[in-house]
Each structure stands twice: as C-alpha cells, then as structure tokens.
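Letters A, B, ... mirror the listed sequences (proteins, then strands); counts begin at 1. Below, each value reflects all heavy atoms present in this structure, side chains not excepted, and no hydrogens, waters or symmetry copies.
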Amino acid sequence: MHTEKYDNLNTLKKTFETISTFDTAIAKNLFGAYLISVGYNKEKKVAYLKFYEPKSKRIFFWYDETGHNPYCLSDLKPDELKQIDNLITHPGFDHFEIVEKYDPLKDKFSKLTKIVTKDPASIGGQGGGRHIRDIIPKAWEANIRYYESYMYDRGLIPCMPYDVKEGKIVKSGYRVSDELLKEINSLFKDEDREFLDYINQWIDLFECPVPDFRRVAVDIEVSSPVRTRVPNPETASEPIVAISLIGSDGFGKNLLLKRDGVKEGNEKLPEGVKVEYYDREDEMLLEVFKTLLDYPIVLTFNGDDFDLPYIYHRAEKIGFPREKIPIEVGRDATLLKYGIHIDLYKFFFNRSMQIYAFSRKYTEVTLDAISRALLGTGKIKIEKPISELTYSELANYCIQDATITLDLTRFSDNLVMRLITVLSRISRLSMEDVTRQGVSGWIKSLMYFEHRKRNWLIPRLEDILEIKGVTSTKAIIEGKKYRGATVVKPSPGVHFNVAVLDFASLYPSIIKRWNLSYETVLCSHKECKDNVIPETPYWVCRKRKGITSLVIGSLRDLRVKWYKLKSKDKNLSSALRNWYDVIQCSLKVILNASYGVFGAEIFAFYCPPVAESTASIGRYLINKTIEEAQKLGIEVVYGDTDSVFLENPSAKQIDELTKWSRESLGMELDVDKTYRYSVFSTRKKNYLGVYPDGSVDIKGLTGKKKNTPNFLQSAFIEMTKTLGEVKTPKDFEDAKEKIKRIVKECYTKMKRGEYKLEDLAFNVTMGKSTEGYIKTTPQHVKAARQLSETGYDIKPGDIISFVKVIGSPGVKPTQLASSQEIDSEKYMNYIESTFEQVLDAIGLDFNEIIGLTRLESFLWGENYTNKQ
DNA sequence: GCGGACTGCTTACCT
DNA sequence: ACAGGTAAGCAGTCCGCG
C-alpha cells in the first residue's frame, strides 16, 4: 500500500519537473502566444506571465528579466524623504529616482520621487509590518497591485498575442487589414488625431482573433452525513466521493471512491466519459492533480469557495505535502500553479453580465437556474443525500454538473470565453481578474493603464474629492447623493402608431460631447469658467480633452457606428457577425456602467460632479426634445431618461426632430422602435406596446414580474396575446370581450380552488439571511423562517416559494401548505390590482367584469356573453 | 381596544 | 459593491375616538 502511494507521488513529482523544465526552457521563444495571466512570484521576487500557446494548447511561463521593481510616488524630494524615520532603513527600501509626470488635477508637470522597493509588500498590502505608504505623508500609486502596475508600465494587454524572442516579449505579428482600417477611419473623418488614435488602438484589440481555449470543467461531490448541511472546505472532514473532469477536447472522466455498502445502480452513463473506481482517496486526488497540471484553463462553478479549496485541504489532510498540491488557496480566489482557474459563479454573479450581456435571462445565480436559462438543461434532480446514492446515480449527477459547467462556456460559439477575452482586453485585467471583479474594477484598470501610457500621475481619491467637491443637486429619492434622470408622466389610455425615439447611448454620448472627465469638470482655468453645464454650478475645460471623454467616447462611437451595425450585417459571414456581436455586447456592458462609476464611492476616480453633470445634461436634453416635439406639433405621450414616445408622428415630423437634435444639440436621436399601439396607465415605468408584427412588449407591469404567481402570469400573458391581435381601434371591441372572459375565468377558477398550489405561489428572493431582517419581517421571510424550522438551510439569494393562507401569520412555504388553507380573498385582490394596470387604460372595470360573473353564474350559466 | 392614515422597509423593475 | 427613479405590498406606528 505504502509503496503504491509512494510511486504515485513520484509520478506527480515528475509531472511537476516536466512543467518546470519547459516553462523556463521553451518560453525563451514563442510565437503568437496569448498572454492570459500575470502574477508575482515571491521566491524569485519578480512578476511572471502565463502565455497560452494555441498550437500546443499549453501554458508557458515567463519570468521578468527587465529588472522592473515595485514603487510608489512622493511629492517630497529625496533629501526630504531621507529625513523621515524608518523609510530608507525599511528592509524593503531599494532606492529613489526622480521622475516628471503630468498632474491632471493641476494641469501641469510635476517632479516626483519614485520610491523603489525590493518587493510589493513593503509598499502596502494586507500583511503586518510597517508599510512605506503609511510612513510617508502622501503616497501616490501605492494601492495598485504590483503585477498590474507591471503590465501597465510595460503596456502589455491581456488576451492579446505576443512573441517571445530570446526571452524578450514583442507584440505578435498579426495586423488589421489596411482596407478595414480605412473603412472604419472614414467614419471618423471629422475627429482629431487624439480621438483617432483611440479608435485605432481599439480596432487592434477587437479585430484580433481569439484562440480555441483548451479547458476542463471540474466538479466534486462530498458525502455529508447531514443532508441540509454544506460540507466545510476548510475542515474538509468528509471524503470526496466523486470527481468529474470534462474537457473541451473530448476528454471525460468520472472518478469514484469505493465505499462499503454502496450499490452499483443501473443508471445509463453518458458516452465518452470513462468511469474509474478508486480504493484510496489519495490515488483519486492524484489523478485530479494530473488533470490540473495538464489543462491551461480549469472551469468550475463556485470553485473559488468550494471545489478547489476542498480538494486542497482534503489533500493536505490525507497526507499530501502542501507544495505538491497544484492549487493555491487565496483570500478571495483559489488559483492554480500551472493553468488558470475561471470560477463561472463569479462571472455570472456579476450584475452587469446578468442584465446587459444575458438580458436578465437568468435571475437566480445557481448552476441549475443559469444552465436552464441559457442551455435548456439543468442539474439532475436527486431525492436522496449524496451518501445514499448508488455509484451510477452519483456518477451521473456529478458528470452532469461538470458537463453543464463546460457547456456554459461553449454555447453560442464559445460566447462566454469570447466575452471574457474581449473584456480582458478592454479592461487590461487577466482572465482570472476580469472574471472576479465588477465593472468599477474593469474601468479603474483601463484608466490606470491609460494614465501610465500618457505618463500621467494617477490621482489620489481624496485629492479628486477635495478639489472637485461633492454634489449640488438634490435627489428625489431620500438618501441618494444627487438628482438623476427625468421620467415623463405618461398620458393614460391607448395610443396608436407610437414611435419611440431615443438618444443612442445617452450618457456615454454626453461624456464625449461635453468633454466630461474628472480633470476637465471644474478645471483650473479661469478662461473655462463660462463654459457652463446646464442647470449646475459646474463648468468644463475647453483647453484639453478629458481622458474619460476620449476613452468612453471612442468606445461608444465604435459600438454605435460600427460593431452594432456590423453584428447585423447580412453581407458578413455568420461567424464574423457573431464575433462583432460579442464585441458590441462587451462594449454595452462597459458603456452602461461608465457614468454610474463616477457616482460610486468605491470607484478609484469617484467624482460626484462628473456623475451629476452627466445626469443634468441628460435631463436638459430630454426636456429640450419634448419642447421641440411640441413645437413641431407632435404629442409626446411618455418618456424616460433618454427616450420620447411620440403619438402618430409623420415621417416628416420625425425627420425634423432628429435633424434638430443633430444640429442644435449635437446628439444622435434615432427611432428605436415603433408600436402599432401602446397602452399606458397613470403609472410611470409601466406600459405595454404592441409591435407591428403583433408581439407584445411589456414593461414593469406586475403580471410580468418574476415574483407573481404563475396562474396570474399566465392569465396576464393570455390577455396580452389578445391585445397583440388588435390591429385597428375597431378591433378593440372584440378584444375587450375576450379579455373580460380571461379575467373572469381567472377569477372564478381562483375562487373555486381550481389552481394548483405551485401555481398560486409567490416566489421572492431573500436579500439577506433570515436573521438579517431586523426592522420588519416581510412575508417571504416569515415563510423562510418556517422552512428553517423544518431543517432547510436558507441563504441570501435563495428564492422562497410561499402561498397566502388563512389565519396567522398569513403565509406558508408552498412545500408545507395545502390547498384547503388558501386565503382566496387575498388572491382576488391581487388579481384585481394586477389586471387593473391595463384594464383602466383600455376602458374596462374589474368590478364590473366580476359583477357580471356573479350575475352570470346565478342567472344565465356559463355560456352567457355580455354585449355591453 | 380598534381601525384608518401614515411612514418605512423590502423587492422588483426601468433607463 | 456602477447610478438614480418608480411601483407595490406589507409591517409597524401613531392618533383619534368622549
């Protein structure tokens, strides 16, 4: 037994040796290898890069040999710094250098002292000991992670291809065709050199191909004695009983730990997956380690917090020496020694991804919910705890999890891998970092890169705040920092032929057109003070182009004028259209957040006046547009932030309005969509529009909300389908009759208790843990607490399904309720308020409909139809 | 001691 | 951990009521 283990450990050791030989030997010369990760090696005290070489589909390491060192900046001279206690005697201190940098807040060049250190931890960080940034009075650029600083200084862009020649890194030979460059540049004839430079820089990143990333999905199962308790990865006290490894290259393995009393079972297992049984857990883990040392990219779902740390601690527990485990457990991520680890949970958890890239297709961030929404298949449902499954049941379950994890990166032509690639290129963050950070981190990193490229001093957060101050407007919502967008009161009723016009990418356009940036708003020049921003006390610089204005403006223009159009261009191959769609979608995610970050305290360039100016100009634009529309004799029936809804405008009127916008506002106002007709109640952000093809666009209405019970959602959808059939005002009368019947039927079925319990359930998300609700106890929390008592483990983000029942406390989890206790009174009120949002707009009265139902059931029976 | 008016909390949505 | 604006339902509180 011992010999066996020893042999296997030797195999592992050999694998390690192979890697360490090729990483130093072969990375001397590489051709077209993608830079996918970067880190800091504590032993060698240098930054290292991981390249993915697409032919061999392997990782190559490259350790810095340029002598780059960590540093921060000070406004004191070296002589002054020498006087400070503990600075030059600090063990990490290396030397001083004088540098000259442009200070964007002061609009002048300044001499600064670069304090160069032997290692990044001396400047700052989590670790104990005195940090240089705390020793000196004011430190600049002292909060940037060293390996990022390294990338910015060297101008290296992640997910781009490079050649390594005799140990030197050079940009790879691929080039965008002159033809394409010309075509795109011709769209920007009127722009100046500075703007065009940005455009061309982006084209270079976007046109560069994406390699096929060889990757493997990993999923483990742990046998837990208690069904409702999730095993703890730190103690790792229970054995790992199954591991699935599913590769993008056709590789597939399921490893099972042999245990007493477990039956074989008779599930049919997926083809192409090899099942291996292990007597010993250490041998099984060894097999996993081989895979982790083979694949350049490892995918998990929640592997940062569960699978990988569990494997690590379990391996340690059963006797593996730490340094032999190819996993590195960190504070906020679990990474790999050889390849890179992408935790898809973190990626899909990102709100911006959820909303803008996947248009809210999934609302619950679980492997099951996401894969159901995006792939059409979910996890395998199991009724028993893991410990009671047969081998084949367990294998099937585990294989399915790893398979859908891999498939989440494969569907729609590897959409997710390509999104990660593009976002990594834009944000200048490695694949590992870009998938773990939010939009504010991406934009921060991009801005840092641009500052270093221009030799600009990166401002300190407190300096921006001190110079630019806080806000001047008052928010409508209590507790918010400044006033946001305007929402126009809708004109209630039905409006035929509605054209919806909107400003393409409103806030980014404002940032570009008004030259907004943290350094240009409230700039230091007297001459600019009359260049005021409407309805604010702010002015904006005329002398220099703002960095944000250029960066965001160029991205906006490329999305609106090129990539969005080309993603729908039927003259292009579907593969190219698809790629352009990935780009425009990535841009959308970044652009949508570009204004908000300036109003977010956590953002490194937090500058409330920039956010406030953007919102203020937005209000000014929509108000002016409404005025102008009215001057042109068009009725504006609704508007929100960047859009106006025009009732039955002529083509000429639309032309005039968009021309006016272009010429006097300098803004592109386009027809976004047209409705055959639209239905408004008195409520803002609540309406329904019918497109020319009869499909129905529903916004904000209760009937569409995800927490609304199914029975009511279905009845509501049925009603909107009827509305979709209406072509002319005349058709309305028939539709109204149909709608009355739908509402009536829903009401009577409810009353007679004909709906199933699950269809009556409200589904509400837990915003926090059950104990987190202190001020009030909402209904879903009451239900959640009942579930907790029955042994369920309720976590934030879980969706609680509950029904309204008679008696106290009025709600019950659906799992624990029975049909007899349903409080039909409550449901009837809910039906009423849901339909009312549409009924009063189309001239129907809920009570009248219901009143007729009563009469009808008493006097005429089921076949009666009312002719009003 | 009860009920209506009110405020505040919470979720889900829109742009 | 991008922003603010809106709707809705319920929980909890206050106040009048001789």
Side-chain angles (χ1 to χ4, degrees), chain A residues 332 349-356 360 363 436-444 471 473-490 500 502-503 505-508 552 588-608 610-616 618-619 622 638-645 672 681-687 697-708 762-768 772-782 796-797 799-800 804 809-811 826 829-830 832-834 836-837:
Chain A
D332 356 76
F349 187 83
N350 187 318
R351 286 285 290 169
S352 298
M353 279 294 145
Q354 219 171 120
I355 297 168
Y356 303 118
R360 287 203 162 91
T363 44
R436 287 174 177 82
Q437 293 188 27
V439 273
S440 69
W442 303 348
I443 298 176
K444 172 183 83 175
T471 53
T473 53
K474 197 181 169 299
I476 288 171
I477 308 167
E478 210 182 84
K480 300 283 186 185
K481 288 173 291 220
Y482 61 91
R483 174 154 299 184
T486 295
V487 187
V488 182
K489 262 194 191 153
V500 182
D502 72 357
F503 292 106
S505 221
L506 177 72
Y507 289 154
I552 299 302
K588 181 175 162 190
V589 176
I590 303 246
L591 291 169
N592 273 326
S594 63
Y595 135 81
V597 291
F598 284 96
E601 287 100 328
I602 45 109
F603 183 51
F605 297 87
Y606 174 51
C607 185
V610 169
E612 213 178 1
S613 300
T614 313
S616 178
R619 293 194 298 274
I622 191 174
Y638 180 60
D640 186 348
T641 312
D642 62 352
S643 63
V644 282
F645 289 55
D672 172 40
S681 66
T682 55
R683 300 160 186 85
K684 294 172 172 181
K685 298 186 189 283
N686 274 262
Y687 64 88
D697 193 20
I698 307 165
K699 299 287 181 187
L701 303 174
T702 306
K704 207 190 86 172
K705 291 195 177 182
K706 71 171 166 107
N707 59 352
T708 300
F762 289 81
N763 300 290
V764 179
T765 314
M766 292 292 290
K768 31 193 169 183
Y773 295 85
I774 299 164
K775 286 161 181 161
T776 57
T777 312
Q779 295 196 318
H780 67 291
V781 181
K782 286 181 181 160
I799 292 178
I800 307 298
K804 306 204 179 205
V811 291
K826 287 261 166 55
N829 289 335
Y830 209 79
E832 178 173 0
S833 61
T834 303
E836 207 181 46
Q837 293 173 346

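Listed by chain and residue number, nothing satisfies the salt bridge (charged side-chain N to carboxylate O under 4.0 Å, His left out) test with A:E832 (two or more places apart in sequence, or in another chain). By the side chain to side chain contact (heavy atoms under 4.5 Å, CB included) test, A:N686 pairs with A:R683, A:L701, A:Q837, sequence neighbours left out. Listed by chain and number, the residues in a salt bridge (charged side-chain N to carboxylate O under 4.0 Å, His left out) with A:K481 are A:E601 (sequence neighbours excluded). The side chain to side chain contact (heavy atoms under 4.5 Å, CB included) search around A:Y773 returns A:M766, A:K768, A:P778, A:H780, A:V781, A:R785, not counting sequence neighbours. Partners of A:Q354 according to the side chain to side chain contact (heavy atoms under 4.5 Å, CB included) rule, which considers only residues two or more places apart in sequence or in another chain, are A:R351, A:Y362, A:V365. When the side chain to side chain contact (heavy atoms under 4.5 Å, CB included) test is applied to A:K699, the partners found at least two apart in sequence or on another chain are A:K673, A:Y687, A:D697. Checked against salt bridge (charged side-chain N to carboxylate O under 4.0 Å, His left out), A:K826 has the following partners two or more places apart in sequence or in another chain: A:D823. Taking A:Y830 as the reference, A:F762 meet the ring pair (Phe, Tyr, Trp, His ring centres under 6.0 Å) condition, with sequence neighbours excluded.
Using a 4.0 Å heavy-atom cutoff across all strands shown, A:Y687 reaches sugar-phosphate atoms only and no base atom. Contacts of A:F598 with the nucleic acid, taken as non-hydrogen atoms under 4.0 Å apart, are absent. Among the protein residues, A:G484 comes within range of the sugar-phosphate backbone only, with heavy atoms under 4.0 Å from sugar or phosphate atoms but none that close to a base. Within the 4.0 angstrom heavy-atom criterion, only backbone atoms of the sugar-phosphate kind lie near A:K768; the bases stay farther away. Within 4.0 Å of A:A611, counting heavy atoms only, lies no atom of the nucleic acid at all.
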Per-pair distances, 0.1 Å, donor-acceptor, side chain in residues 592-599 of chain A, under 3.5 Å, sequence neighbours excluded:
residue, atom, partner, partner atom, Å
A:N592, ND2, A:K588, O, 3.2
A:S594, OG, A:L591, O, 2.7
A:Y595, OH, A:Y482, OH, 3.1

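Nucleotides of DNA chain C nearest to A:K474 and A:A593 differ in position, and the one nearer the 5' end is that of A:A593.
Taking atom OH on A:Y606 and atom P on C:dA1, their separation rounds to 18 Å, with Å as the unit. Between the CD1 atom of A:I774 and the C1' atom of C:dG12 there is a distance of 16 Å, rounded to whole Å. Put simply, CZ on A:R436 is 18 Å from C1' on C:dA1, counting in whole angstrom units. We find that CZ of A:F603 is positioned 13 Å from C1' of C:dA1, with the value rounded to whole Å. Between the CZ atom of A:R351 and the P atom of C:dC2 there is a distance of 10 Å, rounded to whole Å.
Residues from residues 476-483 of chain A that place a heavy atom under 4.0 Å from any atom of DNA chain C, listed by number: A:I476, A:I477, A:K480, A:K481, A:Y482, A:R483.
Between A:K684 and A:D640, no side-chain nitrogen of the basic residue sits less than 4.0 Å from a carboxylate oxygen of the acidic one, so the salt-bridge criterion is not met.
In 5' to 3' order, the nucleotides of DNA chain B bounding all contacts with chain A (an atom under 4.0 Å from a heavy atom) are B:dC9 to B:dT15.
When all heavy atoms are compared, the tightest approach of A:I622 to A:D642 is CD1-N, 4.4 Å.
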Restricting both atoms to N or O, compile the protein contacts to nucleotides 7-11 of chain C shorter than 3.5 Å, with distance only.
residue, atom, partner, partner atom, Å
C:dA7, OP1, A:K684, N, 3.0
C:dA8, OP1, A:R683, NE, 2.3
C:dA8, OP1, A:Q837, NE2, 3.3
C:dG9, OP1, A:S833, OG, 2.8
C:dC10, OP1, A:K804, NZ, 2.4
C:dA11, OP1, A:K782, NZ, 2.6

